[in-house]
Each structure stands twice: as structure tokens, then as C-alpha cells.
Amino acid sequence: MTTNSQTVPTGAGTIFALASGALPAGLAVIRVSGPAAGKALRRLTGGPLPRPRRATLAALGSLECTLDRGLVIWFPGPGSFTGEDVAEFHIHGGRAVAAAMLAELAGIDGLRPAAAGEFTRRALAAGKMDLTAAEGLADLVAAETEAQRVQALRQAGGELGRIYDRWRDGLTGALAQLEAAIDFSGEDLPPGLTEAAAAKVCSVADEMDAHLADAHRGERLRDGLRVAIIGAPNVGKSSLLNLLARRDAAIVSDAAGTTRDIIEVHLDLGGYPVLLADTAGLGRAEGDVEAEGMRRALERAAGADLKIAVFDAVSWPETDAATARIVDENTLVLLNKCDLAAPPRDARISGMRTIAVSAKTGEGVDNLLKAITEKATVICGLVESPALTRARHRAGLKESRAALGRFFICVDEKKGTEITAEELRLAQRALGRITGRVDVEDLLDVIFGDFCIGK
Ligand SMILES: Nc1nc2c(ncn2[C@@H]2O[C@H](COP(=O)(O)OP(=O)(O)OP(=O)(O)O)[C@@H](O)[C@H]2O)c(=O)[nH]1
Ligand SMILES: [Mg+2]
């Protein structure tokens, strides 16, 4: 079984920080964690510790003056977020109230302000969560859309970490069998020991391959789907962006070549995070600026998860060749300006069905939104098994899988048991780095550079 052997170096002492968001607000939450948390709670309430995990109303402050009236909650360790004694103060969210409370806490012996991410570091140190769960928690705080929230909540609950732990346990079992072979070499060994170990490893490798062949869906959902609007000048690309964004993000005019650079807007479309890009019209470049605009447009189209190719309904069935060339199965094909000319329902371009819209009247936009959401569900929708969500996870898994590949070669070529076992150890270690079961010290600064919770 997995043992939690993490040792996370954290600063000593009792830390405190504002755990809630920007002030002023209705409420603010200050969290204190460490051996002096109980002392801080008693000092600020002027009474005994309240019953654990019960919100209790108290006047907060010093003997001389009350700073605020609020709720306090006492979480004695180890049953707390950090595993240490934790006190929470739910106060009014005024700037002066929070500042006075923080100053009062700073004046208590043994207390100091928390460093970025320090509460989470302590939770990791106490084995309250693995590294993927801590990342999930950061993603949950950052989640802007419904699908992101669900993915982050699953990861924060440890779903992803449990899969990697299970694989690591599988490799540990196989390694134990090989190590037995090393220990008893020269003596009579049960036949087929290496083969039995290899069979175990094989099932882990198969699961890993399936997990890695996910078309980056978890990362796409976390980072946002990149959607590019492409088309000839004046077909209504910027009008469409503005309509979807519900604001005038891009300049619209009847002069061809209005948009020269890429204009991006962040949207929540059907629960999916979308980074929608308007681009310069494709056509004949009149000068260097137009040429560069077109180059950027094509580059964006090539890097997009989904393209929206816009054609003019008025000139249909004549279509712009440069736009038609980039149409593939990852493209939604639009005939815009259908308020001026209604194309037939079965109009196709480059073999793809078209969606008739009018960026001017909003006609057909519901169909477009539905089509985008359907594509997004295919590209990054949640599936039953949790998806990896960061390049860090992918790199660790690839490293682990590569070591397993070398392990299989060693088995096939009947290399020494010692060399064979070493590959398993490397694979196991790479998995352990993802969950922070090993080498977590090296990873923390990288990870905590990324986010901070509770500070
Ligand atoms: N009637 C009608 N006019 C539209 C529609 N969409 C856009 N237009 C008009 O078409 C002109 C060009 O619109 P834009 O949105 O600037 O077109 P664009 O594709 O971004 O053009 P460039 O940036 O120059 O490549 C403007 O006058 C718009 O008002 C539509 O659905 N119906
Ligand atoms: Mg434009």
C-alpha cells in the first residue's frame, strides 16, 4: 500500500493570513494555523476555546477595545485543513476591520504572516492531500466555468492522485517480486517470477497509455478552448466576435481589412471556457501590415482547437478559396449575413454542412452556440475517468512510461534482474513525483510559484 512518506519543509511557527478575497466585502475570513492558534483564539475572544468545529459568536479584540463581532471556529489538529491546530475568524469584510485583526494577530508572540501557499504546503506535509489534489484546489479557486469547476473539484478530492497511487502500488508489487529474485539469486526460485512481475507492469502500462491518449482534454478544459474565427475581409468576423462576447470588443466597419491583429475575448460558452480570437481577413495583402495580419491569422487557425470559418451568404455558392482551404473536421462553417440572402438549408462548403447566421440580427446564433458546445464537449468534455490537467502530469507520466518501456526490453532480452528492477524503480519514482510522494521538496517552489491558497 502507499505510505505517505512526504516530508515538506515548511517554515516553523504559527501562521496567519486573510483566506478570503478582495476587500471590502460582506465577510472576511482570517485563518491561523500552528501550535499557537489556540492561544490566538483565546486572546482575541478573551474566553476559553469554543467547542471544536462549531461556529461561535464572539466579541473580538483586546482587553482595551473590541475590534469586531464575528464568528470563530476552532479546528484542533490533526482534524483540520493543515493537520495543525487551526482557528478561523469570520469577521466583517471592511478593510479597517481586517487590518486591525491582522495587526492584533501579528502582535501575539509566535505568530507571523503566512508566506504564499504556506497553508497548503502544511496540508501537504501532514499528508492531508497529495500534490495533484493541492493543484486541484488551486484550479477550483481559479475555475471560471461549470465544467472547469467539476474537473477541479474531482481532482481536489484526490481522484487523479488515487489513480497514480494505485499504479505506483502495482509497480511496487512487481518490484518486490523482482527484488525477491535478486535476494535469492543462486537459490531455487519459483519459476516465472519475472514473467509474473512483467504481467503486473503490463496492465499498469496499458492503463497509462489509455490515460495519456486523451487528446489533452483535461489540459484544454483547464486552460480554455482556443477558438479562431477565420474568413475573407468584410464577411463579418468581428461582428460575430462582438455578438458572442456581447460587447464591442473589436472594431466593425464596412471597409475591408479593418481587423489587422488578433483580438481575443474570454467567454463561458455552455460551461466551457473559450478563448475566442478574431483575426485579420484572408485575401490579397496590400502591404506588410496586411501580410503580417494574415500570417498571424493562419498561425492562430493552425494552433486552434476549433476553427470558425466565416463565408458570405450573399456571394454563396461562390466561396473564398483561402478560407475554404483551412476547413477540416475541426471547423464550424458559417454563412453570415443570412439576413441579406438566405442560403439553402443543405448548403455545404468543402464537404461540410454550413450554419446560416446573421451577426447583425442574431439569427442562427443559437445554432452556432449549440454547435460550439457540442464540439467543446467532444474536445474537452468530462468523461468518467479523471483526466490529467497539467503539462507537469503529462511529463511525469511520459517519463514513467518510458522507463516501463525499457523495463519490457530488459525482460525480453533477459537482462540482469538488477538492471531490470532499476527501470521499475525509475518508473515508480516518476509517478511518485506527480503526487508529491517523492522529491516533493524540489517541486514545491515550481508548484507554489503557480498558485497560493490561504494567503
Ligand atoms: N447585413 C449584415 N451586415 C453584416 C453582418 N455581419 C457584418 N455585417 C457588416 O459587414 C461589414 C463588415 O463587418 P466586420 O465585422 O467588420 O467584418 P470582418 O470580417 O471583421 O472584416 P475585416 O476585419 O475587414 O476582415 C460591417 O459593415 C458590418 O456591419 C450581417 O450578418 N448582416
Ligand atoms: Mg474584422
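Counting starts at 1 for both ligands and their atoms, in listed order. Worth saying up front: this structure is predicted, and the values here are computed from it rather than measured.
Considering both main-chain and side-chain atoms, Ala256 never comes within under 3.5 Å of ligand 1 through any nitrogen or oxygen pair. Residue Val235 has at least one nitrogen or oxygen atom sitting less than 3.5 Å from a nitrogen or oxygen atom of ligand 1, judged on distance alone.
None of Thr354, Val310, Asp312 except one satisfies the side-chain contact (heavy atoms from CB on, under 4.5 Å) rule with Leu335; the exception is Thr354.
With no hydrogens or angles considered, no side-chain donor-acceptor pair links Thr389 and Glu135 at under 3.5 Å. Donor-acceptor pairing under 3.5 Å is lacking for the side chains of Ser400 and Tyr164.
Looking at Arg300 and Glu264, a side-chain N of the basic residue comes within less than 4.0 Å of a carboxylate O on the acidic one, giving a salt bridge.
No heavy atom of Ala250 sits closer than 4.0 Å to any atom of ligand 1. Residue contacts with ligand 1 include Ser253, since one of its heavy atoms falls under 4.0 Å from the ligand.
Neither the backbone nor the side chain of Cys338 comes within contact range of ligand 1; no heavy atom lies under 4.0 Å. For Leu340, every heavy-atom contact with ligand 1 shorter than 4.0 Å involves the side chain, none the backbone.
With 2.8 Å as the limit, Asn234 does not count as an N, O or S neighbour of the Mg ion (ligand 2).
Of the candidates Thr279, Asp339, Asn336, Asp339 brings a heavy atom nearest to atom 32 (N) of ligand 1.
Atom OG of Ser80 is separated from atom CD of Glu88 by 9.5 Å, given to the nearest 0.5 angstrom.
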